[in-house]
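Counting starts at 1 for both ligands and their atoms, following the listed order.
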Amino acid sequence: MNPSFVTLEGLGKSYGKYAAVADVSLAVAKGEALTLLGPSGCGKTTTLRMIAGLETPDEGTIAIAGKTVFAARDRINLPPEQRQIGMVFQSYAIWPHLTAAENVAFPLQVRRMAKAEIQDRVRKALAMVGLAGFEDRPATQLSGGQQQRVALARALVYEPALLLLDEPLSNLDVKLREQMRLELKLLQNRLQLTVINVTHDQTEALSLSDRIAILNHGRIEQLGTPRELYEQPVTPFVRDFLGKSVTLPARIRAVGGDRVTVELAASPESVLDCARPAGGTCNVGDLVDMSVRREALHLKHDTDQPGRTLKGVIGTVLYQGERSECEVLIGGQPILVYLPADAGLAAGQVIELAADALRLWPR
Ligand SMILES: Nc1ncnc2c1ncn2[C@@H]1O[C@H](COP(=O)(O)OP(=O)(O)OP(=O)(O)O)[C@@H](O)[C@H]1O
Ligand SMILES: [Mg+2]
């Protein structure tokens, strides 16, 4: 593993009695793209602003490139301009009264760089984000995506050690967002940039990140690769935040080693064989939660093993072209699953669903 490039230790920030960020510790490697992901108000922006030096933490330390830039106990607190950070914030629009080039030149002028060098760097930064030739275009005559790219060029122009992105794509329409997402990823790879990205868009997080930290109420709930978080969530919060899960209460019927047989509480004829839940006790008669990813449920084939099926009745069927979104009643309890549109499913039909990758959770 690379040595850590950004290190946060025990970072905390309260507003009055409200802990916006609590005990956040995190190490980001050089060249890594890490995403802070979580619901609105979970502390993502506050964390980013503390790293940037725009918000003073109550406690903890922040080190960037081997240098302590903040330490509550030692009263170290470097101002933003001494932290070598480039930022693109959702609210950080570019200046409308300036041209693209003037916008990008601004951070260099603040740093009192020579005019010729400024010109050269601005040209390169604009080319890097695909805006060569747009130098003299007034900001107001740029599209939303182009403006966003000017903001990115402005953040990159003084070659920051670290790039902080706070939902930089959220103002763009879907198509532009997808395009910019790809461009950002390519740019990050090409420049070997260390990036801390903030979003509450899961697709963006899963596709842009080497690792994701899921934040909930100011705390890191889980930190790992996108695949680890998606396939091995350690808490119900992470399970339900990433992707779509079906969760049904179940009762333990038998325990044998690390395998457990459960019956669904709403549908005792659905008997399932699962791995033992992690943590908590596990005794016959206990109530647990059974969860399965929506996409892991499919219509039962003859080849499906027994002990993996749920019996249900089709409720509503919403045709969506390539597939149908079906409401299936399991013992009267509705769940939503995607089933093949050509399966000829109709309301009232009795079906059997087979499931890969069932998981049990203590209640
Ligand atoms: N200046 C402030 N004064 C008081 N409370 C604040 C202040 N800034 C943030 N908060 C509170 O701290 C919590 C975390 O805010 P933060 O902006 O970090 O959330 P976020 O995760 O970025 O959310 P969003 O996804 O909506 O941008 C919120 O409950 C917010 O109301
Ligand atoms: Mg925010």
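Contacts between His200 and ligand 1, counted as non-hydrogen atom pairs separated by less than 4.0 Å, involve the side chain only.
Ion pairing between a basic and an acidic side chain is recognised when a charged N comes within 4.0 Å of a carboxylate O; Asp258 and Arg276 show no such pairing. Under the 4.0 Å criterion applied to side-chain N and carboxylate O atoms, Lys311 and Glu269 are not assigned as salt-bridge partners. Residues Lys300 and Glu352 are not paired through a salt bridge, judged by the lack of any N-O separation under 4.0 Å between the basic side chain and the carboxylate. Note on Glu135 versus Arg123: no salt bridge recorded, every NZ/NE/NH1/NH2 to OD/OE distance being 4.0 Å or above. Using a 4.0 Å cut-off between charged side-chain N and carboxylate O, Asp166 and Lys44 make no salt bridge.
Using a 4.0 Å threshold on non-hydrogen atoms, atom 30 (C) of ligand 1 does not count as touching the protein. Protein non-hydrogen atoms do reach within 4.0 Å of atom 22 (O) of ligand 1.
The protein non-hydrogen atom at the shortest distance from atom 16 (P) of ligand 1 is Thr46 OG1, 3.5 Å.
Of all atoms in ligand 1, listed by their number and element, those nearer than 4.0 Å to a heavy atom of Thr45 are 17 (O), 18 (O), 20 (P), 22 (O), 27 (O).
For a distance threshold of 2.8 Å, the protein N, O or S atoms nearer than that to the Mg ion (ligand 2), listed by chain and number, are Thr45 OG1.
Between Leu34 and Leu26 there is a side-chain heavy-atom pair separated by less than 4.5 Å.
Between the side chain of Arg49 and the backbone N or O of Glu55, no donor-acceptor pair lies under 3.5 Å. Counting only distance, with no hydrogens or angles, the side chain of Arg363 and the backbone of Asp289 share no donor-acceptor pair below 3.5 Å.
Ligand 1 does not have Gly38 within reach: every non-hydrogen atom of the residue lies 4.0 Å or more from it.
With sequence neighbours left out, the salt bridge (Lys or Arg N to Asp or Glu O under 4.0 Å) criterion links Asp286 to no other residue.
Taking each of Glu55, Lys13, His217, Lys44 in turn, the one with a heavy atom nearest to atom 25 (O) of ligand 1 proves to be Lys44.
Residue Ala20 places no N or O, backbone or side chain, under 3.5 Å from any N or O of ligand 1.
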